[in-house]
Amino acid sequence: SSYLSEISWRIHRIAVAQECRRKAIGSELVASVVAAAKKYGVSYLSSSFALESDVLRFWRQVDFTPVYLGSRRDSSSGSYSLIVLQGLSAISRERASQAARQLAGDLPTSLPISHPELDGQNALALLTSLASSLPPNPSLANDSQRVMRYVHKELVFEQCVASLQRLICSARFINLLTAQALPLVECIVLGHSRSDVAVQYGFAGKSDLEQRFKIILADMVVNKIEER
């Protein structure tokens, strides 16, 4: 790999005292490392951490990109480990972008297989952080039509689950998902059973859960059609 032949620094840990948080101190610490790394000709900076949405948000704010999601959960936190990267030259930034695009393209398939214990909130945070790297959906128009047929009860869930996954995991739609859509993410992206998700989120059953799906999906598709 080209990464192995170039100089890189890893940020092992960053911590700010509780009373000093929300003052951009963490961002300033990272910025000082970036400046020093550039001075010494470093090509990449990296870090890894247990995937949690708030921690990921911080690293995205300081321009680090997710490039690899481990398949084993940390024994202490129970979370999957995420590696983030920042390229410090035009070439290294492009290589980091390539790795991010690979990860983004793999996630819709790999998440339910390799990360079965990932929860909806962190899955949505990861996909949203990679929105610009998600591959285009060439069947977007057809998928949107099939989803609306599901909304209008012309198709059942099983008939359009593939269209639902492609639609949700596309750059055009992923940023429209809010916390209200977490049950949808759990079922469509992570492959969790509708019965289990209905219980987890307090729905009366699968029918009640799917009614929520249809409200969210109709709003998403209509908003995007109006945008055009």
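Fair warning: this is a prediction, and the values are worked out from it, not measured in the lab.
- Using a 4.5 Å cut-off between side-chain heavy atoms of Ile, Leu, Val, Met, Phe, Trp and Tyr, with links allowed through other members, V199 and L184 fall into different hydrophobic clusters.
- Tracing side-chain contacts under 4.5 Å through hydrophobic residues (I, L, V, M, F, W, Y), one reaches V33 starting from Y40; they form part of the same cluster.
- Judged by distance alone, the side chain of H192 and the main-chain N or O of P116 form a donor-acceptor pair under 3.5 Å.
- Shortest non-hydrogen contact noted between L190 and L111 is CD2-CB, 4.0 Å.
- Taking every heavy atom of both residues into account, R146 and S163 meet most closely at CD-OG, 3.4 Å.
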Test side-chain contact (heavy atoms from CB on, under 4.5 Å) applied to F58 and V30, step by step: CA-CA 11 Å; F58 167 78; V30 173; 3.9 Å; yes
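- When side chains are defined from C-beta on, S79 does not count as touching F49, because their heavy atoms never get closer than 4.5 Å.
- When all heavy atoms of Q121 and S53 are compared, the closest pair comes out as NE2-OG, 2.9 Å.
- P183 has its side chain out of reach of Q200: every pair of non-hydrogen atoms, C-beta onward, lies at least 4.5 Å apart.
- Using a 4.5 Å heavy-atom threshold, the side chains of L45 and W9 count as touching.
- Between R172 and N137 the shortest side-chain heavy-atom distance does not fall below 4.5 Å.
- Under the 4.5 Å side-chain heavy-atom criterion for Ile, Leu, Val, Met, Phe, Trp and Tyr, F64 and I7 are members of the same hydrophobic cluster.
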Cut-off 3.5 Å, no hydrogens considered: what does the side-chain donor-acceptor table look like for residues 11-20, sequence neighbours left out?
| from | atom 1 | to | atom 2 | distance (Å) |
| --- | --- | --- | --- | --- |
| Q18 | OE1 | R21 | NH1 | 3.0 |

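- In this structure a side-chain-to-backbone donor-acceptor pair under 3.5 Å is missing from E210 to S207.
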Salt bridge (charged side-chain N to carboxylate O under 4.0 Å, His left out) assessment of R194 paired with E158: CA-CA 11 Å; R194 281 168 290 164; E158 289 79 6; 2.5 Å; yes
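- Using a 4.5 Å heavy-atom threshold, the side chains of C169 and V189 count as touching.
- Nearest heavy atom pair, residue G70 against residue Y80, reads O-CD2, 3.3 Å.
- Using modelled atom types, one finds a donor on one side chain and an acceptor on the other under 3.5 Å when comparing D106 with Q102.
- Between W59 and Q86 the shortest side-chain heavy-atom distance does not fall below 4.5 Å.
- Closest approach of S46 and L85 over heavy atoms only: CB-CD1, 3.7 Å.
- By the salt bridge (charged side-chain N to carboxylate O under 4.0 Å, His left out) test, E94 pairs with R101, sequence neighbours left out.
- L167 places a side-chain heavy atom less than 4.5 Å from the side chain of L140.
- Residue Q180 qualifies as open at atom CD: its count of foreign heavy atoms under 6.0 Å is 12 or below.
- For the residue pair V151 and A218, the shortest heavy atom distance occurs at CG1-CB, 3.9 Å.
- Counting only residues at least two apart or on different chains, no ring-ring contact (aromatic ring centres under 6.0 Å, His included) pair has a member in residues 133-164.
- Other residues, nucleotides and ligands place no more than 12 heavy atoms under 6.0 Å from the CD1 atom of I91.
- Under the 4.5 Å side-chain heavy-atom criterion for Ile, Leu, Val, Met, Phe, Trp and Tyr, L118 and Y201 are members of the same hydrophobic cluster.
- Put simply, the side chain of S139 reaches to within 4.5 Å of the side chain of R166, judged on heavy atoms.
- Linking ILVMFWY residues whenever their side-chain heavy atoms come closer than 4.5 Å, directly or via other members, places I25 and V55 in the same cluster.
- The line from CD of E52 to CG of L126 is 12.0 Å long, rounded to the nearest 0.5 Å.
- Here the side chain of S114 pairs no donor or acceptor atom with the backbone of S71 at under 3.5 angstrom.
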